[in-house]
Amino acid sequence: MAPALALGPAVAAHAAAPAAAKCNVEVDSAGKYHLWGQGFPANTTVTYSGSTSGSVPIGKSGRFDLGGLSGAKYVVKTADGKTTVTCTSVHY
């Protein structure tokens with residue numbers, strides 16, 4: 001029983017960790033691509049590259065939202081280079 005209790009705090013700490021950064025890309029009604037992500041470091045800037053390249057600020061919530069792009073394949077990278085995420089195509 002004691003080993004199970006010893007694992008309790010470690011499991012709780014893992015559950016409290018921030019969500020992993022992820023991004024998605026989807027086609028909007030005008031045929032343009034919409035890129036959005038969450039779980040990024042707050043108040044930083046990330047760069048995106050693919051059919052179009054640029055940078056976008058991350059808000060306090062760790063999210064970004066960018067529309068009017070061309071192309072469906074993008075990679076998002078944090079400024080420190082520690083996080084690189086390949087965006088997932090979402091179809092509704």
Side-chain angles (χ1 to χ4, degrees):
M1 206 80 170
L5 293 174
L7 291 177
V11 171
H14 179 72
K22 65 178 183 176
C23 71
N24 297 296
V25 61
E26 60 193 35
V27 180
D28 66 19
S29 60
K32 293 289 188 177
Y33 291 88
H34 180 99
L35 183 65
W36 56 275
Q38 60 188 24
F40 290 91
N43 300 317
T44 60
T45 299
V46 295
T47 57
Y48 59 92
S49 58
S51 300
T52 306
S53 300
S55 61
V56 61
I58 303 299
K60 290 187 287 185
S61 64
R63 298 179 182 199
F64 72 88
D65 196 338
L66 192 59
L69 302 173
S70 61
K73 295 183 188 257
Y74 288 93
V75 174
V76 175
K77 185 184 290 188
T78 55
D80 62 10
K82 292 182 179 180
T83 304
T84 300
V85 181
T86 300
C87 301
T88 304
S89 289
V90 178
H91 302 282
Y92 294 104

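All values below come from the heavy atoms of this structure, side chains included, with hydrogens, waters and symmetry mates left out. Sequential numbering from 1 along the given sequence is applied to the chain's residues.
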Out of curiosity, Q38 CD to D65 CG, how far, rounded to the nearest 0.5 Å?
-> 11.0 Å

Where do Y33 and D28 land on the side chain to side chain contact (heavy atoms under 4.5 Å, CB included) test, with the steps shown first?
-> CA-CA 6 Å; Y33 291 88; D28 66 19; over 6 Å; no

Closest non-hydrogen atom pair, S70 against S51 | O-CB, 3.0 Å

Quick one: do the N24 and H34 side chains pair a donor with an acceptor below 3.5 Å?
-> no

F64 versus C23, closest heavy-atom pair with distance | CZ-CB, 4.2 Å

Qualifying residues under side-chain contact (heavy atoms from CB on, under 4.5 Å), relative to T86, sequence neighbours excluded | V75

Judged by atom type as modelled, is there a donor-acceptor pair below 3.5 Å linking the side chain of T83 to the main-chain atoms of T78?
-> no

Only one of T45, I58, V56 clears side-chain contact (heavy atoms from CB on, under 4.5 Å) with F40; which?
-> I58

Heavy-atom side-chain contact between C87 and V76 under 4.5 Å | yes

Identify the heavy atoms of A72 and S89 that sit nearest to each other, and give their distance.
-> O-OG, 3.8 Å

Return the minimal non-hydrogen interatomic distance between Y74 and T52, and the atom names on each side.
-> CE2-O, 3.2 Å

Nearest atoms (heavy-atom pairs only) where K22 meets V85 = CA-CG1, 3.9 Å

